[in-house]
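Remarks on the structure that follows.
Both backbone and side-chain heavy atoms feed into the values below; hydrogens, waters and symmetry mates do not.
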Amino acid sequence: YSTPLVREDGTVYVGSDAKKLFAISPEGAVLWRLEVDGEADSGAVLASDGTIVFAAGSSVHAVRRGGDLAWRFTAKGKVFTAPALTREGQIIVGSQDDHVYALTPAGGLAWSTDLGADVDGAAAIGDDGGIFVGTDKAELVRLDGHGRVVWRAPVGGYVRGVLSLARNGDVVSGTY
């Protein structure tokens, strides 16, 4: 299910339901595989320090280019979202423990916010630093860069997919 991350040199990083993250050369050879505790079924991102950040089970992992683990953060529920990166390098993920987490580039907890419902879709980060997420409470929520709720908007159904931000600032989501 995961979306592959492709580096500038053509190396592909992709997670699997087999509880592994793979690095694959541009020629298709497996360069390395990292075994993790949960299904690595969300997309990965390239962090500001060059690590590959992805979620697997209830953990968020950062892996160095050669395949060794840089750090791991564990939430109380499954992290089913692909990480999103802020301009400042914070890593934003949602969890099925009802929280949105902001992690430092070194993997420490910067803040967490309880939204009262699962956060299953990846966050979208606005040009102004606003953090937008959807919840199983049938809401779109905007957080500021410190995790404070700026507004909530009911949307009539669970928001489990990726959000999009339009040029005019509108938030676009699908509902379930």
*asked:* When you compare the side chain of Leu143 with that of Val100, does any pair of heavy atoms fall below 4.5 Å?
replied: yes
*Contacts of Arg167 that satisfy side chain to side chain donor-acceptor pair (under 3.5 Å) - sequence neighbours left out*: none
*Given the rule that I, L, V, M, F, W and Y join up when any side-chain heavy atoms are under 4.5 Å apart, are Leu165 and Val150 in one cluster?*
yes
*List the steps and the verdict of side-chain contact (heavy atoms from CB on, under 4.5 Å) for Leu5 and Val12.*
CA-CA 6 Å; Leu5 167 67; Val12 177; over 6 Å; no
*Could you tell me which residues satisfy salt bridge (charged side-chain N to carboxylate O under 4.0 Å, His left out) with Asp9, sequence neighbours excluded, listed by chain and number?*
Arg65
_Listing request: all side chain to side chain donor-acceptor pair (under 3.5 Å) pairs with a residue in residues 117-131, at least two apart in sequence or in separate chains._
Gln96-Asp120, Asp128-Arg142
*Taking only residues at least two apart or on different chains, which pairs with a member in residues 103-116 satisfy side chain to side chain donor-acceptor pair (under 3.5 Å)?*
none
*How far apart are the C-alpha atoms of His99 and Val119, what are their side-chain angles, what is the distance that settles it, and do they pass the side-chain contact (heavy atoms from CB on, under 4.5 Å) test?*
CA-CA 7 Å; His99 286 77; Val119 180; over 6 Å; no
*ring-ring contact (aromatic ring centres under 6.0 Å, His included) with Phe73: which residues, sequence neighbours excluded?*
Tyr101
*Name all pairs fulfilling the side chain to side chain donor-acceptor pair (under 3.5 Å) condition that reach into residues 12-25, sequence neighbours left out, sorted by first residue then second.*
Ser25-Glu27
*Gly94 and Val79: which non-hydrogen atoms are nearest, and at how many Å?*
O-CG1, 3.4 Å
*Could I get the full list of side-chain contact (heavy atoms from CB on, under 4.5 Å) partners for Ile125, not counting sequence neighbours?*
Ala84, Thr86, Ile92, Ile131
_If I compare all heavy atoms of Pro105 with all of Gly89, which pair ends up nearest, and what's the gap?_
CG-O, 3.4 Å
*Single-linkage hydrophobic cluster, 4.5 Å side-chain cutoff, Val93 and Leu109 together*: yes
*asked:* Tell me the closest heavy-atom pair linking Gly116 and Lys137, and the distance in Å.
replied: O-CD, 4.5 Å
*Partner set under side chain to side chain donor-acceptor pair (under 3.5 Å) for Glu139, not counting sequence neighbours*: Arg152
*Taking side-chain contact (heavy atoms from CB on, under 4.5 Å) as the test, write out the residues that go with Asp68, two or more places apart.*
Arg64
*Can you sort out the partners of Val45 under side-chain contact (heavy atoms from CB on, under 4.5 Å), two or more places apart, ordered by chain and number?*
Val53, Pro83, Leu85
*Kindly say whether Lys78 contributes a backbone atom to a donor-acceptor pair with the side chain of Ser95 at under 3.5 angstrom?*
yes
*Would you indicate whether the side-chain heavy atoms of Leu21 and Val14 approach each other to under 4.5 Å?*
no
*Should Leu46 and Phe22 be regarded as members of a common hydrophobic cluster, given that ILVMFWY residues are connected when their side-chain heavy atoms come within less than 4.5 Å of each other, either directly or indirectly?*
no
*asked:* Quick one, Asp98 with Leu115, criterion side-chain contact (heavy atoms from CB on, under 4.5 Å). Give me CA distance, side-chain angles, the key distance, then yes/no.
replied: CA-CA 6 Å; Asp98 302 350; Leu115 296 180; 5.7 Å; no
*What pairs of residues pass the side chain to side chain donor-acceptor pair (under 3.5 Å) test when at least one of them lies in residues 45-57, not counting sequence neighbours?*
Asp49-Thr51
*Who pairs with Leu163 by side-chain contact (heavy atoms from CB on, under 4.5 Å), at least two apart in sequence or on another chain?*
Ala124, Phe132, Leu140, Val159, Val171, Ser173
*Is Val30 reachable from Phe54 through a run of I, L, V, M, F, W or Y residues, each pair having side-chain heavy atoms under 4.5 Å apart?*
no
*asked:* Looking at every heavy atom in both Val133 and Ala123, which two are closest together, and how far apart are they?
replied: CG1-CB, 3.6 Å
*Between Thr74 and Ser58, a side-chain donor and acceptor under 3.5 Å*: no
*State, to 0.1 Å, how close Ser2 and Ala40 come at their nearest heavy-atom pair, and which atoms those are.*
CB-O, 3.8 Å
*Check: Val149 and Val141 side chains under 4.5 Å, non-hydrogen atoms*: yes
*Nearest heavy-atom pair of Gly38 and Ala56: which atoms, and what distance?*
O-CB, 3.5 Å
*Distance from Asp144 atom CG to Trp151 atom CH2, nearest 0.5 Å?*
13.0 Å
*Close side-chain approach of Val63 to Trp71, heavy-atom, < 4.5 Å*: no
*Go through the steps for Leu31 and Ile24 under the test side-chain contact (heavy atoms from CB on, under 4.5 Å), then give the verdict.*
CA-CA 5 Å; Leu31 301 171; Ile24 303 167; over 6 Å; no
